[in-house]
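Quick notes on the structure that follows.
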There are 2 protein chains.
Amino acid sequence: METERLHQQLQFIVEIDKLKTVLRRSYLIEAERRENSAEHSWHVAVMAMLLLEHAEEPVNVCRVLKMLLIHDIVEIDAGDTFCYDEEGALDKAERERQAAHRIFGLLPEDQADELRRLWDEFEARVTPEAKFAAALDRLMPLLHNYHTGGKSWREHGITREQVLVHNAHIGDISEGLWQFVKGIIEDAVVQGYLTA
Amino acid sequence: METERLHQQLQFIVEIDKLKTVLRRSYLIEAERRENSAEHSWHVAVMAMLLLEHAEEPVNVCRVLKMLLIHDIVEIDAGDTFCYDEEGALDKAERERQAAHRIFGLLPEDQADELRRLWDEFEARVTPEAKFAAALDRLMPLLHNYHTGGKSWREHGITREQVLVHNAHIGDISEGLWQFVKGIIEDAVVQGYLTA
């Protein structure tokens with residue numbers, strides 16, 4: 001066993017513990033507290049295992065799982081940028097690029113490259129795997145909002161139109177899933193969770 | 001799209017949000033709070049991606065990831081049983097079996113069966129994938145303890161011997177990793193994190 005290599009791997013594993021303290025805007029469904037990015041990453045990965053059949057293009061589930069497991073690690077340095085925050089979006093890409101460089105760079109070079117490629121693929125949303133992963137990453141907070149009476153939507157005054165535009169990517173992977181999601185959004189308006 | 005099937009899938013996805021409120025004995029490395037089982041599941045799955053090369057038998061990483069993503073879901077009903085709790089261990093298997101029946105049973109039958117088989121495989125620790133996953137599930141809290149000055153070990157008066165016995169499974173997947181872990185345990189004793 002090459003000890004230096006294992007040391008680098010464990011250093012990275014210890015470092016990413018910090019993702020458990022990065023808070024998102026979403027709230028847990030039954031609890032009062034906000035969700036963190038580590039538990040979100042777990043949740044959306046399990047979701048991917050289960051909703052795979054709804055993808056219209058064939059996807060390699062293993063690559064989807066790896067992508068979702070690492071997709072938010074950059075937030076350790078860059079923070080979670082709220083998806084409806086237009087100001088934060090301006091320098092999000094640059095902040096996250098620097099974070100990817102530092103954090104993935106803790107690993108042995110071949111693994112740093114592998115994780116960086118997975119993260120770049122996720123961000124580019126071009127491959128079927130990346131489109132599927134990104135669509136579920138949008139669907140998850142929508143479900144959290146719907147099941148908490150729109151708690152985060154209401155706190156930030158989010159409108160039906162914003163949610164429709166932001167989630168339209170779901171239609172790229174599955175027309176059926178998108179019709180279903182649109183139904184949830186319309187019901188959220190009727191229930192008063194979301195501004196018309 | 002079969003709507004009833006999607007409803008069952010989403011019902012399960014919403015239900016497992018509760019895993020984020022199941023607390024383990026381990027503490028986060030830099031924070032004061034205890035870790036929950038959802039963020040732990042994420043962390044150990046990422047670890048599996050990175051430490052795969054140390055497995056002496058070839059393992060299918062995709063099955064390892066799926067196993068680790070779902071291995072603690074039963075704790076939603078059964079709670080987290082501390083690994084050094086001899087009394088809790090007595091009825092742990094039965095409590096967890098009932099939990100698996102109820103929670104996986106929320107899914108469409110084919111997916112309930114798939115997750116149940118994965119969980120049974122993990123618990124049985126016979127296949128190379130299950131042995132690898134289970135060994136990392138032991139290694140993770142050891143790293144947390146080591147990097148928090150043995151916080152959870154000290155709280156519960158855990159001894160060097162208990163940790164050696166409990167983590168011996170690591171030797172089943174990799175002699176090199178086990179030698180490394182034994183070094184950490186001996187250093188933890190020297191540092192006073194663990195009772196000799």
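All values below come from the heavy atoms of this structure, side chains included, with hydrogens, waters and symmetry mates left out.
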Review point. Would you say the side chains of A:H147 and B:D17 form a donor-acceptor pair under 3.5 Å?
Key: no
Check your understanding: How far does CG of A:L10 sit from CG of B:L177, to the nearest 0.5 angstrom?
Key -> 7.5 Å
Check your understanding: What distance do A:M49 atom CE and B:C62 atom SG have between them, rounded to the nearest 0.5 Å?
Key -> 8.5 Å
Exercise for review: Find the distance between CD1 (A:I13) and CE (B:M47) and round it off to the nearest 0.5 Å.
Suggested key: 4.5 Å
Exercise for review: Determine whether B:M140 and A:L107 fall in the same hydrophobic cluster, where Ile, Leu, Val, Met, Phe, Trp and Tyr are linked whenever their side-chain heavy atoms lie under 4.5 Å apart.
Suggested key: yes
Practice item. Take atom NE2 of A:H156 as the centre, draw a 6.0 Å sphere, and report whether it contains more than 12 heavy atoms from other residues, nucleotides or ligands. Key: yes
Review point. Looking at side-chain heavy atoms only, is the closest gap between A:K20 and B:W42 below 4.5 Å?
Key: yes
Practice item. Go through the atoms of B:L118 and report whether side chain, backbone, both or neither lie under 4.5 Å from a heavy atom of chain A. Key: side chain
Check your understanding: B:L164 and B:I158: same hydrophobic cluster, using ILVMFWY side-chain contacts below 4.5 Å?
Key -> yes
Check your understanding: Would one find more than 12 heavy atoms of other residues, nucleotides or ligands at under 6.0 Å from atom CD of A:E109?
Key -> no
**Study point:** More than 12 heavy atoms from other groups under 6.0 Å of CD on A:E94
**Key:** yes
Check your understanding: For chain A, which of B:L65, B:L143, B:L28 has the most heavy-atom pairs under 4.5 Å?
Key -> B:L28
Exercise for review: Among the options B:V61, B:V46, B:L69, B:I70, pick out the one with the most heavy-atom pairs lying under 4.5 Å from chain A.
Suggested key: B:L69
Review point. Using non-hydrogen atoms only, which part of A:R5 is less than 4.5 Å away from chain B: side chain, backbone, both, or neither?
Key: side chain
Revision key, fill the gap. Under 4.5 Å to a heavy atom of chain A? For B:Q179 that would be neither
Point to revise | Pairwise distance OG1(A:T3) to CZ(B:F180) - rounded to 0.5 angstrom | key: 7.5 Å
Exercise for review: For B:Q111 and A:L50, indicate whether the former's side chain and the latter's backbone hold a donor-acceptor pair under 3.5 Å.
Suggested key: yes
**Study point:** ILVMFWY network linking B:V163 to B:W178, side-chain heavy atoms under 4.5 angstrom
**Key:** yes
Check your understanding: Are B:V14 and A:Y27 connected in a single hydrophobic cluster, I mean Ile/Leu/Val/Met/Phe/Trp/Tyr linked by side-chain heavy atoms less than 4.5 Å apart?
Key -> no
**Study point:** Contact check, side chains of B:L19 and A:E39, non-hydrogen atoms, under 4.5 Å
**Key:** no
Review point. Can A:L6 be reached from B:F132 by stepping across I, L, V, M, F, W or Y side chains whose heavy atoms are under 4.5 Å apart?
Key: yes
Point to revise | Value rounded to 0.5 Å, distance of CZ in B:R33 from OG1 in A:T21 | key: 8.0 Å
Exercise for review: Tell me, yes or no, whether the heavy-atom count around B:E86 atom CD, taken from other residues, nucleotides or ligands under 6.0 Å, exceeds 12.
Suggested key: no
Check your understanding: Taking A:E30 for the side chain and B:K18 for the main chain, is one N or O donor matched with an acceptor at less than 3.5 Å?
Key -> no
Check your understanding: What part of A:L68 is in contact with chain B, defined as an atom under 4.5 angstrom from a non-hydrogen atom: side chain, backbone, both or neither?
Key -> neither
